Amino acid sequence: MILPKSEILLIGHSHVEALRLAEQIAPSGRMTIHNLNHLGRRGSVIGRRVPGGLRALALGRKPRAVCLCLMGNQHNVHGLFEHPVPWSLGPIGSEAPTPDGAPRLAVPESVLRDVLDRDFGQLGALADLLFGTWPKAQRLILAPPPPVREIDREIDLPKHFEGRAGIRIAPRGLHRRLYELQCAVYAEHAKACGAEIVTPPEQVMTEDGFLAPTCWGRDPSHGNLAYGRVMQSRLFAAVDSAS
């Protein structure tokens, strides 16, 4: 595969697909999008296949900006559906009641922050590698979409949710707080690697901060074409404002 001499290079995992779809339907000519999941297991991506491969692809190509969208679905993995032991982020009883009326297990915010730091920290070396491959390019990190407020349609979930589709959806307040905590950790990692974080605007959200129903389709853990178009424009604006 050969990367064209695009102005913006977007590299990441599954959340890049919404922008890929937007670019396919209405090509801007400004972006090249590379999904690391297509290279196989995440361990092999970090260990062997990306370093040589991307350096080879980088020869003679000087993107104006490199944008990373690594992982980002942790708030859904941990908070889209109820766990076998219903839990609360903070004081006992601060979320919706459990099905049997028992109190929720109180999990301190610091514990969840440690979990998220561990998840994102595993990819720190990969982010350094990718940004370092094009050291003169503007550094950007694309934040993931917010959680959905409710599941009101037939859904088709990614494989890592297999077997959980029939489980009760977790309280929306808990899910939203998880997302906010994830975004805070995301921003800290962006700052550490000298990158600007590109966040979803209000137009893709409901009034209370959830992903608008028009911005997701059968998969409540990812944005759709409408979401991709908005985030594509946000990314272009971030690059243009830096010129």
Side-chain angles (χ1 to χ4, degrees), residues 1-39 42 45-46 50-51 53-55 57-58 60-75 119-146 179 182-201 203-204 211 215 222-243:
M1 185 186 75
I2 298 176
L3 290 175
K5 295 182 180 179
S6 299
E7 180 184 3
I8 303 169
L9 181 56
L10 174 60
I11 305 173
H13 294 116
S14 58
H15 286 300
V16 304
E17 292 303 317
L19 284 83
R20 185 197 299 278
L21 186 57
E23 184 69 17
Q24 286 176 341
I25 291 178
S28 67
R30 300 185 65 180
M31 297 180 68
T32 293
I33 301 172
H34 194 64
N35 188 336
L36 295 178
N37 287 330
H38 295 167
L39 295 179
R42 195 167 287 141
V45 168
I46 296 174
V50 165
L54 281 183
R55 285 199 171 93
L57 292 171
R61 296 174 178 84
K62 298 179 181 179
R64 181 176 167 189
V66 172
C67 181
L68 303 184
C69 186
L70 304 174
M71 298 177 68
N73 225 8
Q74 281 65 30
H75 68 94
D119 290 344
F120 291 123
Q122 292 175 348
L123 293 179
L126 178 57
D128 290 341
L129 166 70
L130 295 173
F131 282 138
T133 302
W134 296 275
K136 295 184 179 180
Q138 179 187 4
R139 298 184 175 192
L140 299 167
I141 288 182
L142 194 69
Y179 175 73
Q182 176 182 297
C183 286
V185 173
Y186 230 68
E188 291 171 3
H189 282 272
K191 183 178 180 180
C193 59
E196 174 188 350
I197 190 164
V198 180
T199 58
Q203 71 188 91
V204 302
L211 187 60
C215 288
H222 290 85
N224 61 8
L225 171 60
Y227 180 82
R229 284 173 170 160
V230 172
M231 294 309 295
Q232 181 189 50
S233 296
R234 292 279 283 184
L235 184 53
F236 291 165
V239 173
D240 293 340
S241 66
S243 60

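Because only heavy atoms are used, hydrogens play no part in the values below, and waters and symmetry mates are left out as well, while side chains stay in. The structure displayed is predicted, hence computed values, not measured ones.
Between atom CD1 of residue I33 and atom CG of residue L9 there is a gap of 9.5 Å, rounded to the nearest 0.5 Å.
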Going through the checks in order, is the side chain to side chain contact (heavy atoms under 4.5 Å, CB included) test met by L126 and L36?
-> CA-CA 11 Å; L126 178 57; L36 295 178; 3.8 Å; yes

Given R229 and I25, is the side chain to side chain contact (heavy atoms under 4.5 Å, CB included) satisfied, shown in steps?
-> CA-CA 10 Å; R229 284 173 170 160; I25 291 178; 3.6 Å; yes

Dump the intermediate steps for side chain to side chain contact (heavy atoms under 4.5 Å, CB included) on L68 and L140, then the final yes or no.
-> CA-CA 6 Å; L68 303 184; L140 299 167; over 6 Å; no

Please test L142 against Y186 for side chain to side chain contact (heavy atoms under 4.5 Å, CB included), starting from the C-alpha separation and ending with a verdict.
-> CA-CA 9 Å; L142 194 69; Y186 230 68; over 6 Å; no

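The shortest non-hydrogen separation linking Y227 to A18 is CD2-CB, 4.4 Å. Considering all non-hydrogen atoms of both residues, G228 and L19 come closest at O-CG, 3.9 Å. Between A127 and L70, the closest heavy-atom pair is CB-CD1, 4.2 Å. Counting all heavy atoms, side chain and backbone alike, G29 lies closest to E23 at N-OE2, 3.2 Å. Minimum interatomic distance between F131 and A195 (heavy atoms only, all atoms of both residues): CZ-CB, 4.0 Å. Nearest heavy-atom pair across C69 and L10 is CB-CD1, 4.3 Å.
When atom types are taken as modelled, the side chain of H13 and the backbone of M71 share a donor-acceptor pair closer than 3.5 angstrom. Between the side chain of R234 and the backbone N or O of V198 there is no donor-acceptor pair closer than 3.5 Å. Put simply, the side chain of R64 gets close to the backbone of V239: a donor and an acceptor are under 3.5 Å apart. Looking only at distances, a side-chain donor or acceptor of Q182 sits under 3.5 Å from a matching main-chain atom of G72. Judged by distance alone, with hydrogens and angles left aside, the side-chain atoms of Q138 form no donor-acceptor pair with the main-chain N or O of C67 at under 3.5 Å. Distance alone, capped at 3.5 Å, places no donor-acceptor pair between the Q24 side chain and the A22 backbone.
Taking the six-membered ring where tryptophan is involved, the planes of H75 and Y179 are perpendicular, since the angle between them exceeds 60° and thus also 30°.
By the 4.5 Å heavy-atom criterion applied to side chains, I8 and P63 are not counted as neighbours. Looking at N73 and H15, their side chains come closer than 4.5 Å, going by heavy atoms from C-beta outward. Side-chain contact between Q232 and L21 is absent, with no heavy-atom pair separated by less than 4.5 Å. Residues Q203 and V230 meet the side-chain proximity criterion, which asks for heavy atoms closer than 4.5 Å. Put simply, the side chain of P200 reaches to within 4.5 Å of the side chain of P146, judged on heavy atoms.
When each of M231, M31, E7 is paired with F236, the side chain to side chain contact (heavy atoms under 4.5 Å, CB included) condition holds for M31 and for no other.
Using a cutoff of 4.0 Å between basic side-chain nitrogens and carboxylate oxygens, R20 and E17 are scored as salt-bridged.
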